[in-house]
2 protein chains.
Amino acid sequence: MTSPSAVVDTRWLTEPEQRAWRAFLRGSRLLEVALDRALAPLGTQLSEYEVISMLSEAPSQRLRMSALADLVVQSRSRITHTAARLEKRGWVVREAYLDDRRGVELVLTDAGRAALEDIAIRHVESVREALIDNLEPAEFLALGHAMQKVRDALAEEGQATDAFGI
Amino acid sequence: MTSPSAVVDTRWLTEPEQRAWRAFLRGSRLLEVALDRALAPLGTQLSEYEVISMLSEAPSQRLRMSALADLVVQSRSRITHTAARLEKRGWVVREAYLDDRRGVELVLTDAGRAALEDIAIRHVESVREALIDNLEPAEFLALGHAMQKVRDALAEEGQATDAFGI
DNA sequence: CAGCAATAGTTGATCGTCCAACTATTGAGC
DNA sequence: GCTCAATAGTTGGACGATCAACTATTGCTG
């Protein structure tokens, strides 16, 4: 299974790296749980909120499925299912995209806009409580800056199939 | 729905905060996807690796279910299901915990130890590729430090029921 | 030490995500 | 302009995570 050299060649994490990595992994897990739980009473999920939030900022409150998928980091198939749920709730409607007849646009409805207002408030509160208020302002901005670098690096590769991969 | 004052009182995110938050959210999503995909060919998942990895570091390669759950940030019920999968694979066995007869210990098997070696190598590689190599060393350590603060803040509240919450 | 609340862990139903396979349309190469 | 590859999106089945309900055991309080 393991080639002898592989074990040796591996650049194992140093102690401080190990600690940093675990703090990141567990911290971000706890964070996502906290944010999702904040929205649960409103009948939504963070990933759903992200979708309607992106729609609300787009010109004419509409975006193509694929653009949306890339923005919120969901696979094509996942965004289809997410959209179906939002549509059933009346927050969103699908519309044919005329310039490219393969395309579909997702459009925020008035009901969706209304729901978004409440959800956004709760969401921002929870982001402050769980994340921002626990850090120095500069620390938080540095965090964002670092993660933007990671995002840029990973975004390129992920330009592919249904499920991001190859 | 929305009380008028709530909209006003909300401390909305500033532009830089908004950017930082989105970078964090999307970046960490991409990261988790990348790490999970790295382990997929080995027939595991990141969350499963975390479990056997914690076991391997524990004295006698064993830990109680609840200790494990807290360590890797999984709900009680989720850790039960995860353990069941690992057990079916022969990587782990359940043992009664005598001091407290409600308790169960999860014990890493030799097969589990062997599997872990391969998986750890691949995991570390992917963490470097996807995260560490994209950041300055100091930047990465600062990231870890910040997330540790978040983790500490969120860990307290999360001392509860099956599903973390109240 | 009786009674009851709290803790440890499990179970199964439900729901969300992932993946592979599929249709429809567009674009490129010859 | 025909063929074939690439892209957009959907579908359904398999799998993992969540949640509420449950059993068993322990610990607290009077």
Side-chain angles (χ1 to χ4, degrees), chain A residues 29 32-37 39-41 43-51 63-89 92-106 158-166, chain B residues 29 32-37 39-41 43-51 63-89 92-106 158-166:
Chain A
R29 290 262 169 81
E32 281 232 27
V33 170
L35 299 183
D36 255 329
R37 297 188 77 78
L39 297 189
T44 337
Q45 242 180 322
L46 181 54
S47 60
E48 292 170 347
Y49 165 70
E50 291 185 68
V51 169
L63 281 172
R64 290 192 57 175
M65 298 293 278
S66 50
L68 211 36
D70 291 343
L71 274 173
V72 304
V73 188
Q74 295 192 15
S75 69
R76 301 301 168 94
S77 133
R78 183 175 170 184
I79 201 81
T80 296
H81 289 299
T82 306
R85 255 176 291 139
L86 294 174
E87 197 169 25
K88 189 146 45 173
R89 237 172 269 165
V92 120
V93 282
R94 260 174 248 255
E95 279 187 19
Y97 182 66
L98 301 178
D99 288 10
D100 178 345
R101 284 170 30 224
R102 293 168 301 182
V104 171
E105 278 188 325
L106 211 59
Q159 298 296 24
T161 325
D162 201 23
F164 299 114
I166 269 181
Chain B
R29 290 261 168 82
E32 281 232 29
V33 170
L35 299 182
D36 256 328
R37 298 187 76 79
L39 298 188
T44 339
Q45 241 181 323
L46 182 54
S47 60
E48 292 170 347
Y49 165 70
E50 292 185 68
V51 170
L63 280 172
R64 289 192 57 177
M65 298 294 278
S66 50
L68 212 35
D70 292 342
L71 273 172
V72 303
V73 189
Q74 296 192 13
S75 70
R76 302 301 169 91
S77 136
R78 182 174 170 185
I79 202 81
T80 296
H81 289 300
T82 306
R85 255 176 291 140
L86 294 174
E87 196 169 24
K88 189 147 45 175
R89 235 172 272 165
V92 120
V93 283
R94 260 175 248 253
E95 280 187 19
Y97 181 67
L98 302 178
D99 287 11
D100 179 344
R101 284 170 30 223
R102 293 169 300 184
V104 170
E105 278 188 327
L106 211 58
Q159 298 294 22
T161 326
D162 202 22
F164 299 113
I166 267 182

5' priority, DNA chain C, between A/R101 and A/E48 [closest heavy atom]: A/E48

Terminal axis angle for the helix from C/dC1-D/dG30 to C/dC30-D/dG1, five pairs an end, nearest 10 degrees: 30°

pair B/V104-B/E95: side-chain heavy atoms closer than 4.5 Å: no

B/R76 CZ to C/dA6 P, straight-line distance once rounded to whole Å: 15 Å

Whole-Å gap separating P (C/dC18) and CZ (B/R29): 10 Å

Spacing of A/M65 atom CE relative to D/dT10 atom P, expressed in whole Å: 4 Å

Exercise: do B/R29 and A/Q74 side chains pair donor with acceptor under 3.5 Å: no

Base C/dG9 paired with B/H81 side chain (donor-acceptor, <3.5 Å): no

C/dC18 base / A/S75 side chain donor-acceptor hit below 3.5 Å: no

Between C/dA8 (P) and B/Q74 (CD): distance, integer Å: 17 Å

Closest nucleotide among D/dG9, D/dA8, C/dT17 to the A/T82 side chain: C/dT17

Whole-Å gap separating P (D/dA17) and CD (A/E32): 14 Å

Touch class at under 4.0 angstrom, heavy-atom based, for A/T80 against every strand present: base

Donor/acceptor link under 3.5 angstrom from A/R102 side chain onto base of D/dT7: yes

d(CG, B/D70; C1', C/dA8) in whole Å: 12 Å

B/E48 versus B/T82, side-chain donor and acceptor atoms under 3.5 Å: no

Side chain of A/R78 (C-beta onward), nearest among D/dG16, D/dT10, C/dC18: C/dC18

Length of the CD-C1' vector between A/E87 and D/dG9, whole Å: 13 Å

Nearest-0.5 Å distance that lies between atom CG in A/L106 and atom CZ in A/R64: 12.5 Å

Spacing between A/R89 atom CZ and C/dC15 atom P, to the nearest angstrom: 12 Å

